[in-house]
Number of protein chains: 2
Amino acid sequence: MSAEATRNAILDEAERLLGEVGYAAMSLRAVTQAAKANLASVNYHFGGKDGLAKAAMLRRIEPVNAERLARLTAIESKRRAPGGAAVREVVEAFVGPVLHLAAESGPMPCAMVGRMLTEEPPFLRAMLTEHFGPVAKRFATALQRAQPGMPIADAWWQLHFVVGAMTHTMLHLDLFLDLADKAVAPASADEITERLAAFCAAGARAHAKHAARMPAIATARTATKRRSTTNAAKPTRR
Amino acid sequence: MSAEATRNAILDEAERLLGEVGYAAMSLRAVTQAAKANLASVNYHFGGKDGLAKAAMLRRIEPVNAERLARLTAIESKRRAPGGAAVREVVEAFVGPVLHLAAESGPMPCAMVGRMLTEEPPFLRAMLTEHFGPVAKRFATALQRAQPGMPIADAWWQLHFVVGAMTHTMLHLDLFLDLADKAVAPASADEITERLAAFCAAGARAHAKHAARMPAIATARTATKRRSTTNAAKPTRR
DNA sequence: ATGCGGGTTAAACGACCGTTTGAAACAGTC
DNA sequence: GACTGTTTCAAACGGTCGTTTAACCCGCAT
């Protein structure tokens, strides 16, 4: 019974330190000392530093992605959306679970995941593509379906910007409160959700309209289309 | 004469490694070896690892911020903007110099600066607030002036989201190209500029309109106002 | 030639890192 | 109470890190 207790204590501290200082700067000695566990126990329970980081990440990533997919299927099944609001709903299904997690478990879990985007160890990158890849693909197609006639590439760009605004909010909101120097009050989770969703949804819609008119993008898009159809013709490119 | 040559070689390598692996994972041995310089020369020329990172950052930050301010004063002085386009212009003045730097000097300088946002050593945070603080304040007020009647806090939120989308693009565009899995073609600098500016400008405008209607934000805003006036009454709070 | 100061170099120092080891403490079972 | 498997513990190992030291090289004014 005590085994799982120490496991969780170690995971909690690892999550905190991963969010605060990142993977490279997190020392197992600091983790185990704060968790009141022995140094060797992290190797015993997780197999090493990599395993610990992976376990700490998975503990948070999986519920968030599950809720994302659940919300997305929910809004897709009700189906009789008045059209224009769908983009906003998709965006909210994507960012909502993250902000919900931040509201109920504190900012550390989100800071950890956001920071791992930036870290270099290759196993972290592999984890992200493995666990976020399918979810991102579902949301990209959902964004495309919500804006008929828009190429899938534009949907990926929208999602990219949404992720950027979201992770930046998770990680660096405090820096901006510093920069603003009392001009911005610390915000509630609801307020952040509202602001982030409003910004991203409108940005995404306008991005699609704008992209259709811009020559630099239009030419790139035809190139993309040609390439993608080429790929469809020849079964596998690489 | 050889002194400045080694200085620059070390700075170039430091910039590359800071952008690739971050501050904590960058070892001076790797820097000096790649720069064909001696290990001790870092301490001789820059006083230590901190000094090296600071010098590498300043070499890129200062021109970018200078060009930002120059573009902003340029569009403010011409003044007879048709109103609606001003937000877009301000956003472009903010993100344009960064994308311009990326286009002419490669992605590493921007990756370095973006990554330093996430790193933990306190001197880096101090540098960012010192050098970006005044610039951010000018752009926040410019955004507010471009949208009359909007509280300054909303302008700060807009700027926050813009920075998020921009830095995420500088750092993690490759990850998204991976996730998209051939559905998105690698983009030119012009295309990225267009997409980013379109997304951010429209997001900012819609954010302002939306924020005015949302109860969660409206209440928070009145609270902000009350707090700020309180602060104005009592000279210094802390 | 001589002295000198800026710049380079190899070697070493102490600190901290992740990991391993082997013994000790503990649980539950016969 | 002895045995077995699991979990904890202190100690040590090899390695890398940032920094320091002291000797050395070289152009240049004296």
Side-chain angles (χ1 to χ4, degrees), chain A residues 1-57 59 112 115-116 119-127, chain B residues 1-57 112 115-116 118-127:
Chain A
M1 163 222 170
S2 184
E4 186 151 339
T6 62
R7 259 188 65 104
N8 284 338
I10 290 175
L11 280 178
D12 288 343
E13 276 305 317
E15 176 178 291
R16 190 178 64 84
L17 284 173
L18 284 177
E20 278 179 3
V21 305
Y23 177 83
M26 172 189 75
S27 84
L28 297 186
R29 284 170 170 83
V31 171
T32 52
Q33 187 170 335
K36 287 195 270 286
N38 188 271
L39 170 60
S41 60
V42 52
N43 275 277
Y44 177 79
H45 285 289
F46 301 99
K49 195 182 182 182
D50 293 13
L52 173 59
K54 207 178 292 191
M57 291 283 290
R59 190 172 64 143
M112 171 184 64
R115 207 174 279 268
M116 291 309 104
E119 298 274 351
E120 30 92 34
F123 77 93
L124 279 172
R125 168 64 67 105
M127 257 191 61
Chain B
M1 165 219 169
S2 185
E4 186 149 339
T6 61
R7 258 187 66 104
N8 284 338
I10 290 174
L11 280 178
D12 288 343
E13 276 305 317
E15 175 178 292
R16 189 178 65 84
L17 284 172
L18 283 177
E20 277 178 4
V21 305
Y23 178 82
M26 172 188 76
S27 83
L28 296 187
R29 284 171 171 83
V31 171
T32 52
Q33 187 170 334
K36 289 195 264 291
N38 187 269
L39 169 60
S41 60
V42 165
N43 277 276
Y44 178 80
H45 286 289
F46 302 98
K49 195 182 182 182
D50 293 13
L52 173 59
K54 208 179 290 193
M57 292 284 289
M112 171 183 65
R115 206 173 278 269
M116 291 309 104
T118 313
E119 298 275 352
E120 31 91 36
F123 77 94
L124 279 173
R125 168 62 68 105
M127 256 190 60

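Order of the sequence lines sets the chain letters (A, B, ...), proteins ahead of strands, with each chain counted from 1.
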Separation of B/Y44 atom OH from C/dA10 atom P, in whole Å? 17 Å
Along DNA chain D, 5' to 3', what are the outermost nucleotides having an atom less than 4.0 Å from a heavy atom of chain B? D/dC17 to D/dT21
dist B/M57:CE -> B/L52:CG (nearest 0.5 Å) comes out at 12.0 Å
Pairs where residues 32-41 of chain A contributes a residue and the test side-chain hydrogen bond (donor to acceptor under 3.5 Å, both in side chains) is met, not counting sequence neighbours: none
In the 5'-to-3' direction, what one-character label does each nucleotide of nucleotides 12-23 of chain C receive under the scheme B = base within less than 4.0 Å of a protein heavy atom, S = sugar-phosphate only, - = no such atom? B----BBBBB--
Could you state the atom-to-atom distance from CD1 of B/I10 to C1' of C/dG7 in whole Å? 11 Å
Would you list the atom pairs, donor with acceptor, under 3.5 Å between side chains in residues 10-20 of chain A and any protein atom, with sequence neighbours excluded?
from: A/D12; atom 1: OD1; to: A/R59; atom 2: NH1; distance (Å): 3.1
from: A/D12; atom 1: OD1; to: A/R59; atom 2: NH2; distance (Å): 3.0
from: A/E13; atom 1: OE1; to: A/R16; atom 2: NE; distance (Å): 3.0
from: A/E13; atom 1: OE1; to: A/R16; atom 2: NH2; distance (Å): 2.9
from: A/E15; atom 1: OE1; to: A/R59; atom 2: NH2; distance (Å): 3.3
from: A/E15; atom 1: OE1; to: A/R60; atom 2: NE; distance (Å): 2.5
from: A/E15; atom 1: OE1; to: A/R60; atom 2: NH2; distance (Å): 3.2
from: A/E15; atom 1: OE2; to: A/R60; atom 2: NH2; distance (Å): 3.0
from: A/R16; atom 1: NH1; to: A/E20; atom 2: OE1; distance (Å): 3.3
from: A/R16; atom 1: NH1; to: A/E20; atom 2: OE2; distance (Å): 3.4

Mind jotting down which residue pairs meet the ring pair (Phe, Tyr, Trp, His ring centres under 6.0 Å) criterion with at least one end in residues 26-55 of chain A? Sequence neighbours excluded, please. none
Compile the donor-acceptor pairs under 3.5 Å between side chains in residues 22-31 of chain A and protein atoms, sequence neighbours left out, one pair per line.
from: A/Y23; atom 1: OH; to: A/D50; atom 2: OD1; distance (Å): 2.5
from: A/S27; atom 1: OG; to: A/A30; atom 2: N; distance (Å): 3.0

Quick check: closest heavy atoms across A/E119 and A/L124, and the distance to 0.1 Å? CB-CD1, 3.9 Å
